[in-house]
Chemist: 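First, the structure itself, so that you have it in front of you.
Nothing here was measured: the structure is a model prediction, and the numbers come from that model.
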Amino acid sequence: MNDDKIKTAAITTLTQYMTQHKLRKTPERYAILEKVFDMNTHFSIDTLHSSLDADGYHVSRATIYNTIELLICAGLVRRHTFGNQSPQYEKIAGITKHYHLVCSRCGKVKEVKDAEVDTLLNTRRYGKFHPIYADLSIYGLCASCIRKTRSFQVKKTEDRQQPHSPKKSVGNNKSSNKNK
């Protein structure tokens, strides 16, 4: 499905959800939904707020938080908390199954697809529980942080291997022979 069809389907889903739950259909909610569906990566509330401001659409952070919660309940957005970072969000409609590689040092998140994990999760049964989606995050170090760690370790090793100049003593080293 192309981006316009995905966005139109999301607008329809939100409209149906708000009608069903007797919620007001405000222009702010639709503007936030459209901006979310323009995003192609994970985003924070601050990123979304800045993006809306840059487009000249000024809404309060409270409105954004409330609308994001509404979009989560409507099944259009998913919240992720990676490590101890602030929550990140992503649109759900139109995305394929993916998992997250999260750098424990810098917090960078990379999405990966893994057919073997999909197959395993799809064949696994949980009694009377029916899973809707899986949220898998794998924590480690990204390539950039590994390089930084290696260069730090090399520098530390080089520092240890450099010869140290002998310490100069302060004062007189002559011993006293008074008691002989």
Side-chain angles (χ1 to χ4, degrees), residues 1 3-114 117-118 120-122 124 126 129-146 148-149:
M1 217 188 293
D3 288 343
D4 288 336
K5 286 183 181 180
I6 291 169
K7 198 182 288 186
T8 301
I11 291 169
T12 301
T13 299
L14 179 61
T15 302
Q16 289 171 347
Y17 183 86
M18 289 189 297
T19 300
Q20 181 181 5
H21 291 88
K22 296 181 173 112
L23 300 170
R24 291 182 310 131
K25 298 169 191 76
T26 66
E28 291 84 4
R29 288 176 172 170
Y30 287 106
I32 292 167
L33 174 71
E34 288 199 34
K35 184 51 71 177
V36 164
F37 276 79
D38 287 342
M39 305 270 195
N40 291 320
T41 61
H42 296 98
F43 60 92
S44 66
I45 296 295
D46 289 337
T47 305
L48 181 57
H49 185 259
S50 296
S51 185
L52 286 161
D53 264 354
D55 288 351
Y57 206 93
H58 305 289
V59 293
S60 71
R61 288 185 197 282
T63 299
I64 294 172
Y65 274 106
N66 293 332
T67 303
I68 288 295
E69 288 303 315
L70 173 67
L71 297 178
I72 290 169
C73 292
L76 295 167
V77 170
R78 191 167 291 143
R79 177 189 302 115
H80 298 284
T81 305
F82 302 115
N84 57 3
Q85 296 180 20
S86 61
Q88 297 284 307
Y89 302 88
E90 69 179 332
K91 62 186 177 188
I92 308 176
I95 64 169
T96 58
K97 284 186 182 177
H98 64 273
Y99 309 101
H100 302 102
L101 301 178
V102 183
C103 182
S104 299
R105 184 164 296 148
C106 71
K108 181 175 151 185
V109 178
K110 181 179 179 182
E111 294 179 355
V112 294
K113 296 175 185 169
D114 190 323
V117 172
D118 291 343
L120 176 68
L121 292 174
N122 288 334
R124 181 85 172 111
Y126 301 96
F129 180 80
H130 179 73
I132 297 170
Y133 74 93
D135 185 9
L136 176 63
S137 298
I138 302 168
Y139 291 83
L141 295 177
C142 68
S144 177
C145 287
I146 289 172
K148 288 175 188 173
T149 300

Chemist: Evaluate the side-chain contact (heavy atoms from CB on, under 4.5 Å) criterion for residues L33 and T67: first the C-alpha distance (whole Å), next the side-chain angles of each, then the deciding distance (0.1 Å), finally the verdict.
Modeler: CA-CA 8 Å; L33 174 71; T67 303; 6.0 Å; no
Chemist: What distance do T41 atom OG1 and Q88 atom CD have between them, rounded to the nearest 0.5 Å?
Modeler: 8.5 Å
Chemist: Can you run down the ring-ring contact (aromatic ring centres under 6.0 Å, His included) pairs that involve residues 49-76, sequence neighbours left out, and say none if there aren't any?
Modeler: none
Chemist: Sequence neighbours left out, what pairs pass salt bridge (Lys or Arg N to Asp or Glu O under 4.0 Å) with at least one residue falling in residues 56-74?
Modeler: D46-R61, E69-R79
Chemist: Got more than 12 heavy atoms from elsewhere within 6.0 Å of NE2, H130?
Modeler: no
Chemist: Enter the distance from L141:CG to L101:CG here, rounded to the nearest 0.5 Å.
Modeler: 12.0 Å
Chemist: Identify the heavy atoms of C145 and C103 that sit nearest to each other, and give their distance.
Modeler: SG-SG, 3.6 Å
Chemist: Going by the salt bridge (Lys or Arg N to Asp or Glu O under 4.0 Å) test, which pairs reach into residues 11-36, not counting sequence neighbours?
Modeler: K35-D55
Chemist: Quick check: does any side chain N or O of K91 sit under 3.5 Å from a backbone N or O of F37, one acting as donor and the other as acceptor?
Modeler: yes
Chemist: In chain order, what residues pass the side chain to side chain donor-acceptor pair (under 3.5 Å) check against S60, with sequence neighbours excluded?
Modeler: T63
Chemist: I'd like to know whether L48 forms a side-chain contact (heavy atoms from CB on, under 4.5 Å) with Y89, so could you lay out the CA-CA distance, the side-chain angles of the two residues, the decisive distance to 0.1 Å, and finally the verdict.
Modeler: CA-CA 10 Å; L48 181 57; Y89 302 88; over 6 Å; no
Chemist: Which residue pairs pass the salt bridge (Lys or Arg N to Asp or Glu O under 4.0 Å) test when at least one of the two sits in residues 6-19, sequence neighbours left out?
Modeler: K7-D38
Chemist: With side-chain contact (heavy atoms from CB on, under 4.5 Å) as the criterion, how do Y99 and K110 come out once you've worked through the C-alpha distance, each side chain's angles and the decisive distance to 0.1 Å?
Modeler: CA-CA 8 Å; Y99 309 101; K110 181 179 179 182; over 6 Å; no
Chemist: Which residues satisfy the salt bridge (Lys or Arg N to Asp or Glu O under 4.0 Å) test with D114, sequence neighbours excluded?
Modeler: none
Chemist: Between T149 and R105, does any side-chain donor sit less than 3.5 Å from a side-chain acceptor?
Modeler: yes
Chemist: If you compare all heavy atoms of T81 against all heavy atoms of Y139, which two are closest, and at what distance to 0.1 Å?
Modeler: O-OH, 3.9 Å
Chemist: Nearest 0.5 Å, please: how far is OG in S137 from NE2 in H80?
Modeler: 7.0 Å
Chemist: Would I68 and I45 satisfy side-chain contact (heavy atoms from CB on, under 4.5 Å), going step by step from the backbone distance to the final call?
Modeler: CA-CA 9 Å; I68 288 295; I45 296 295; 3.7 Å; yes
Chemist: If the test is side chain to side chain contact (heavy atoms under 4.5 Å, CB included), which one of L14, I92, N66 qualifies with L71?
Modeler: L14
Chemist: Taking all non-hydrogen atoms of both residues, which atom of L70 and which atom of L23 are closest, and how far apart?
Modeler: CD1-CD1, 3.5 Å
Chemist: Examine the side chains of T47 and S44 and answer whether a donor and an acceptor come within less than 3.5 Å of each other.
Modeler: yes
Chemist: S144 versus C106: any side-chain heavy-atom pair under 4.5 Å?
Modeler: no
Chemist: In the structure I gave you, are the side-chain heavy atoms of L52 and I32 within less than 4.5 Å of one another anywhere?
Modeler: yes
